[in-house]
Undergrad: 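Could you have a look at this structure, given as structure tokens, before my questions?
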Amino acid sequence: MKSKVEAILRNTINDLIDKGDIPGIELNDDIVEVPPNKDLGDFATNIAMVMASKTKKAPREIAGIIADAMSSYQEIFEEVAIAGPGFINLYIKPAYWVNILRDIHIQKERFGTSNHGAKKKVQIEFVSANPTGPLHIGHGRGAAVGDTLARILTATGFDVQKEYYINDIGNQMEILGRSVFLRYLELCGQKKPFPEDGYQGEYIKDLASELKQGYGEKLLTYSTDDAIEASKEFAGKKMLDGIRHDLDMFDVSFDNWFRESALFKEGKIENTLSWLKDKGLIYEHDGALWFRTAKFGDEKDRVIRKQDGSLTYFASDIAYHKDKLQRGFKWIIDIWGADHHGYVPRMKAAIEAFGANADCFHALLIQLVSLVRAGTPVSMSTRAGEFVTLREIVDEVGKDATRYFFLMRRCDSHLEFDIELAKKRNEENPVFYIQYAHARICSILKKASKEGLTPDIKNADLGRLTTGDDLGLIKILAAYPTLLISCASALEPHRISFYLMDLASSFHRFYNKNRVISDDKDLTLARLTLIEAVRQVISNALWLMGIGAPEVM
RNA sequence: GCCCCCGUAGCUCAGGGGAUAGAGCACAGGAUUCCUAAUCCUGGUGUCGCAGGUUCGAAUCCUGCCGGGGGCACCA
């Protein structure tokens, strides 16, 4: 609805500017807003004030000219009023509002989608945890945010690919191989001191035990290097399988799994380095190879090949991102933990070095999750082997509540995850409050259906939906498509959870005050179409969050 | 020392140039012969961390400071 009003306003203003009735200015993207309270209309614009401040004219005079022109859209606006210092307040006719119900009934699960993204190719890379341990709760937040963002971007018309980058080589994998092999040796009765930097977790012992089941004591006959290599292969594969399984259980899927090792196998690292060399963007210094990232706004140049001849992870990352650009993505979104924020400037530098605009790369930084269990903070550290896995949380509180909690705060805000609250099956817990609204509607529809009454948009007399409660619900439904576009533009999925709370609470209030099924058959039929529309939108929004919409609770 | 994020009601957090700053929870009282009471209604709070600045207008933008968290490797 907002976009319709905005289109009308835009046309009206441009006509007036062409005629010379009002001063000409460039119109921003956002010219229509929703006023802070209902008395001030359904929509409002401050455009007259903006024009006035730029041209030193009286804002209310300009507002008057625009308001007069807007008033000619009589089928849409009930009233166009000038208020305060120069706001133009727009009141939509009830008969026009109800049209949104027709849209919902026709589009069903597609309601809310748009072509805002114009099929722009966007890649969103997230989770990308090293296969050296199970996913923990921090990965879970990244997974929920990434997956939901991908769904939102798809819904708003982007051509989205979800990718997981597997660091399947390098130091961390070596440590995994050694750690598992040492535990294997213990199982074979050859206990050796466990190194400081080894992985301490119990899961390493589980892997060692599986390794022993697979190989028996055969690894004892291998050279140490070969045994570690075999352990690494075995453990890496097992861990990756486990990660895939955990993500699957969390309703998170990927379109592509990209292995770091493939960059080496396919010569992409070498190609990238020689490309950079041709461009004069790398140089030797102190026996290392440096990339001139400072030239592109980074605070200093970065090493890509160390003195000892081995490559840094940055070398892989630049080759990886060059590959992303070559695959044709116009918008590259990486979801990282906030502790990687220092890495952003050098990655942007790399993107620019490849000739792309730095704006096409966006690192979304996810802040920490602090877990609260019975009032006690639970600390997490992979190294110490003392962490709470995603799987444990999902097993305990369920997938729906877990995803909701991960998505209910802005990404750059620390998240306090209260396990006890997430487990509650009552009003204190927002996710159940929302799901309950959905189940309640299903229950009413079921009862109506037994009486032979079903929502029928073609025959319903929507003119009967005239009370403030009816229209209040309709207005929230009408805001849904705009909400999704704002989530996509700002990369802020948490807005959906606030929207759902608003919609669910409006429905519960409506339910307690009004009867859907009554003796008034026409009103009943009209309201059945209304609540079916509410159900549809709740279901659509929950789907974007990866949360189920139960019919019975 | 430098950089990034955060600081809004008792708690957890929305709002990120615009009109009287909001929600959930917590707390207290009330509502069910009737579509799910897992619900609803009624109660009230704020030096928007502090101080300057920009603006017709600042919780919002800029600068400085204070407090919390995180980063500043030829680690990943």
Side-chain angles (χ1 to χ4, degrees), chain A residues 33 35-37 39-41 44-46 49-50 52-53 56 59 83-87 89 130 132 167 170-173 175 197 285-290 299-300 302-317 337-345 365-368 370 372 382-383 405 408-418 421 424-430 432-437 439-448 450-451 453 490 492 494-495 497-499 501-502 504-505 507-518 524 527-528 531 552-553:
Chain A
E33 60 186 303
N37 85 53
D39 299 337
L40 299 170
T45 179
N46 66 349
M49 285 146 74
V50 175
S53 69
K56 306 287 177 205
F87 288 102
N89 292 337
N130 291 352
T132 53
N167 292 109
N171 205 23
Q172 299 298 319
M173 289 302 290
I175 295 172
D197 66 351
H285 179 69
D286 285 349
L289 194 62
W290 298 71
E299 59 185 32
K300 55 174 279 198
R302 305 292 173 175
V303 168
I304 53 181
R305 194 179 61 223
K306 297 178 257 181
Q307 270 182 344
D308 68 5
S310 65
L311 293 166
T312 62
Y313 265 58
F314 187 46
S316 299
D317 284 339
D339 55 342
H340 287 70
H341 75 82
Y343 212 75
V344 176
L365 303 173
I366 309 286
Q367 278 292 352
L368 292 175
S370 45
V372 177
T382 311
R383 289 286 163 82
F405 273 63
M408 72 181 179
R409 300 281 177 251
R410 308 164 45 119
C411 297
D412 50 15
S413 198
H414 287 231
L415 171 69
E416 184 167 295
F417 191 120
D418 187 329
L421 175 59
K424 282 187 179 166
R425 263 61 177 167
N426 65 26
E427 70 208 301
E428 288 174 54
N429 185 347
F432 286 96
Y433 180 84
I434 293 162
Q435 289 182 316
Y436 182 55
R440 216 173 201 185
I441 292 169
C442 290
S443 169
I444 301 169
L445 291 171
K446 207 164 154 190
K447 181 181 164 75
K450 278 180 189 158
E451 296 171 25
L453 300 167
E492 289 188 352
H494 75 278
R495 297 184 189 191
S497 68
F498 283 87
Y499 174 82
M501 278 302 284
D502 188 26
S505 86
F507 170 74
H508 285 310
R509 199 177 319 125
F510 175 90
Y511 172 89
N512 273 276
K513 220 168 124 189
N514 305 281
R515 288 198 63 78
V516 174
I517 301 168
S518 66
T524 300
R527 282 192 166 153
L528 285 173
I531 66 164
V552 179
M553 286 176 77

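Heavy atoms only: backbone and side chains are in, while hydrogens, waters and symmetry mates are out. Each chain gets a letter, A, B and so on, in the order the sequences are listed, and its residues count up from 1.
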Undergrad: Could you list the protein-to-nucleotides 2-12 of chain B atom pairs, N/O on both sides, closer than 3.5 Å?
TA:
{"unit_1": "B:rC5", "atom_1": "O2'", "unit_2": "A:Asp412", "atom_2": "O", "d": "2.7"}
{"unit_1": "B:rU12", "atom_1": "O2'", "unit_2": "A:Arg409", "atom_2": "NH2", "d": "2.7"}

Undergrad: Base, sugar-phosphate or nothing for A:Asn89? Non-hydrogen atoms, less than 4.0 Å.
TA: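 Contact class for A:Asn89: base.
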Undergrad: Give a yes/no on whether any side-chain N or O of A:His494 is located under 4.0 angstrom from OP1 or OP2 of B:rG15.
TA: yes
Undergrad: Going by salt bridge (charged side-chain N to carboxylate O under 4.0 Å, His left out), name the residues that satisfy it together with A:Asp412, two or more places apart in sequence or in a different chain.
TA: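 By the salt bridge (charged side-chain N to carboxylate O under 4.0 Å, His left out) rule, A:Asp412 matches A:Arg410.
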Undergrad: Suppose you measure atom P in B:rC6 against the same atom in B:rG10; what distance do you get, rounded to whole Å?
TA: 22 Å
Undergrad: Can you tell me which nucleotide in B:rC74, B:rU36, B:rA19 comes closest to the side chain of A:Asp286?
TA: B:rC74
Undergrad: Check every strand shown and say whether A:Phe87 touches a base, only sugar-phosphate, or nothing at a heavy-atom separation below 4.0 Å.
TA: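 Base contact.
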Undergrad: Could I get the full list of ring-ring contact (aromatic ring centres under 6.0 Å, His included) partners for A:Phe510, not counting sequence neighbours?
TA: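 Testing A:Phe510 for ring-ring contact (aromatic ring centres under 6.0 Å, His included), a comparison that skips the adjacent residues, returns none.
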Undergrad: Base, sugar-phosphate or nothing for A:Ala437? Non-hydrogen atoms, less than 4.0 Å.
TA: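 Nothing, no heavy atom under 4.0 Å.
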Undergrad: Atom CG of A:Asn167 to atom P of B:rC75: distance rounded to whole Å?
TA: 16 Å
Undergrad: Determine the contact category for A:Ala448: base if any of its heavy atoms lies under 4.0 Å from a base atom, sugar-phosphate if only primed atoms, P, OP1 or OP2 are that close, otherwise nothing.
TA: nothing
Undergrad: Mind checking the P distance from B:rU60 to B:rC2? Whole angstroms is fine.
TA: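 Roughly 24 Å separates the two P atoms.
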Undergrad: Taking atom P in both B:rU8 and B:rG46, what distance in whole Å separates the two?
TA: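 The answer is 15 Å between these two P atoms.
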Undergrad: How far does the P atom of B:rC61 sit from the matching atom of B:rG15, given to the nearest Å?
TA: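 Taking atom P in both B:rC61 and B:rG15, they lie 12 Å apart.
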Undergrad: For nucleotides 23-28 of chain B, list the nitrogen or oxygen atoms of the protein found under 3.5 Å from its nitrogen or oxygen atoms, one pair per line.
TA:
{"unit_1": "B:rA26", "atom_1": "OP1", "unit_2": "A:Glu428", "atom_2": "OE2", "d": "3.2"}

Undergrad: What would the secondary structure line of RNA chain B be in dot-bracket form, counting Watson-Crick and G-U wobble pairs under 3.5 Å, with [ ] for pairs that cross earlier ones and | for pairs with another strand?
TA: (((((((..((((....[...)))).(((((.......))))).....(((((..]....))))))))))))....
Undergrad: What is the separation between atom CD on A:Gln435 and atom P on B:rU36, rounded to the nearest whole Å?
TA: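 Checked: the CD to P distance equals 18 Å.
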Undergrad: Mind running side chain to side chain contact (heavy atoms under 4.5 Å, CB included) on A:Met553 and A:Arg425 for me, showing each step along the way?
TA: CA-CA 10 Å; A:Met553 286 176 77; A:Arg425 263 61 177 167; over 6 Å; no
Undergrad: Start with the C-alpha gap between A:Asn514 and A:Arg527, add the side-chain angles, then the distance that decides, and say whether side chain to side chain contact (heavy atoms under 4.5 Å, CB included) holds.
TA: CA-CA 10 Å; A:Asn514 305 281; A:Arg527 282 192 166 153; 3.8 Å; yes
Undergrad: How would you list, by chain and number, every residue that makes a ring-ring contact (aromatic ring centres under 6.0 Å, His included) with A:Phe405, sequence neighbours excluded?
TA: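 ring-ring contact (aromatic ring centres under 6.0 Å, His included) check on A:Phe405 returns A:Phe417.
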Undergrad: My understanding is that only residues two or more places apart in sequence, or in another chain, count here; which of them pass side-chain contact (heavy atoms from CB on, under 4.5 Å) with A:Asn130?
TA: A:Thr132, A:Asn167, A:Gln172
Undergrad: Whole-Å distance between B:rA73 C1' and A:Phe314 CZ?
TA: 14 Å
Undergrad: Any N or O donor-acceptor pair linking the side chain of A:Asn46 to the base of B:rG18 at under 3.5 Å?
TA: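 When only heavy-atom distances are counted, A:Asn46 does reach the base of B:rG18 through a donor-acceptor pair under 3.5 Å.
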Undergrad: Rounded to whole Å, please give me the gap between CD in A:Glu492 and P in B:rC13.
TA: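 Rounding to the nearest Å, CD of A:Glu492 and P of B:rC13 are 16 Å apart.
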Undergrad: Could you tell me how far apart A:Ile517 (CD1) and B:rC35 (P) are, to the nearest whole angstrom?
TA: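 These atoms are roughly 9 Å apart.
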Undergrad: Sort me out a list of protein N/O and nucleotides 59-62 of chain B N/O pairs below 3.5 Å, or just none if empty.
TA:
none

Undergrad: C1' atom, B:rC74 versus B:rC13: distance in rounded Å?
TA: 42 Å
Undergrad: What is the distance, to the nearest angstrom, from the CZ atom on A:Arg440 to the C1' atom on B:rU39?
TA: 4 Å
Undergrad: What residues, two or more places apart in sequence or in another chain, satisfy ring-ring contact (aromatic ring centres under 6.0 Å, His included) together with A:Tyr313?
TA: none
Undergrad: From the options B:rA38, B:rG18, B:rA76, select the nucleotide whose nearest atom is closest to the side chain of A:Phe432.
TA: B:rA38
Undergrad: Has the side chain of A:Asp39 got a donor or acceptor atom sitting under 3.5 Å from an opposite partner on the base of B:rA19?
TA: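 There is none.
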Undergrad: For A:Ala439 and A:Asn512, find the nucleotide of RNA chain B closest to each by heavy atoms; which residue's nucleotide sits nearer the 5' end?
TA: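 With A:Ala439 and A:Asn512 compared, the 5'-side residue is A:Ala439.
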Undergrad: With rounding to whole Å, what would you report as the distance between B:rA21 and B:rC5 at their P atoms?
TA: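 Looking at atom P only, B:rA21 and B:rC5 are 28 Å apart.
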Undergrad: Taking atom P in both B:rU12 and B:rA26, compute the distance separating them and give it to the nearest angstrom.
TA: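 Straight-line distance between the two P atoms is 15 Å.
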Undergrad: Classify A:Asn130 by what it touches in the nucleic acid, base, sugar-phosphate, or nothing, heavy-atom distance under 4.0 Å.
TA: sugar-phosphate
Undergrad: Check the pair A:Ile441 / A:Phe507 against side chain to side chain contact (heavy atoms under 4.5 Å, CB included), numbers first and verdict last.
TA: CA-CA 9 Å; A:Ile441 292 169; A:Phe507 170 74; 3.3 Å; yes
Undergrad: In whole Å, what separates the C1' atom of B:rC66 from that of B:rC50?
TA: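 To the nearest whole Å, 7 Å.
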Undergrad: Separation of A:Ile531 atom CD1 from B:rU36 atom C1', in whole Å?
TA: 12 Å
Undergrad: Side chain to side chain contact (heavy atoms under 4.5 Å, CB included) for A:Tyr343 and A:Arg302? Distances and angles first, verdict last.
TA: CA-CA 11 Å; A:Tyr343 212 75; A:Arg302 305 292 173 175; over 6 Å; no
Undergrad: Looking at A:Lys450, does any N or O in its side chain come under 4.0 Å of the phosphate oxygens OP1/OP2 on B:rC35?
TA: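 Indeed not, no polar side-chain atom of A:Lys450 lies that close.
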Undergrad: Below 30° counts as parallel, above 60° as perpendicular, anything between as tilted: where do the rings of A:Phe498 and A:His494 land?
TA: perpendicular
Undergrad: Could you tell me whether a side-chain N or O of A:Asn89 sits under 3.5 Å from a main-chain N or O of A:Gly41, the two making a donor and an acceptor?
TA: no
Undergrad: Can you tell me how far the CD1 atom of A:Ile444 sits from the CD1 atom of A:Ile531, to the nearest 0.5 Å?
TA: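 These two atoms lie 4.5 Å from each other.
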Undergrad: Could you check A:Arg515 against A:Arg302 and say which one's nearest nucleotide on RNA chain B is further toward the 5' end?
TA: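 This one resolves to A:Arg515.
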Undergrad: Please state how far atom NZ in A:Lys447 lies from atom P in B:rC35, giving the value in whole angstrom units.
TA: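 For the pair A:Lys447 NZ and B:rC35 P, the rounded distance is 6 Å.
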Undergrad: Closer than 4.0 Å, any side-chain N/O of A:Arg509 to the OP1 or OP2 of B:rC41?
TA: yes
Undergrad: Listed by chain and number, what are the salt bridge (charged side-chain N to carboxylate O under 4.0 Å, His left out) partners of A:Lys446, not counting sequence neighbours?
TA: none
Undergrad: Only counting residues at least two apart or in another chain, list the ones meeting ring-ring contact (aromatic ring centres under 6.0 Å, His included) with A:His341.
TA: none
Undergrad: Can you tell me if A:Lys300 touches the phosphate of B:rC74, counting only side-chain N or O atoms and a distance under 4.0 Å to OP1 or OP2?
TA: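 So the side-chain polar atoms of A:Lys300 do come within 4.0 Å of the phosphate oxygens OP1 or OP2 of B:rC74, strictly under.
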Undergrad: Could you tell me whether A:Val552 contacts a base, only the sugar-phosphate backbone, or nothing, with contacts defined as non-hydrogen atoms closer than 4.0 Å?
TA: base
Undergrad: Just to verify, what does A:Arg305 make a salt bridge (charged side-chain N to carboxylate O under 4.0 Å, His left out) with, not counting sequence neighbours?
TA: A:Glu284
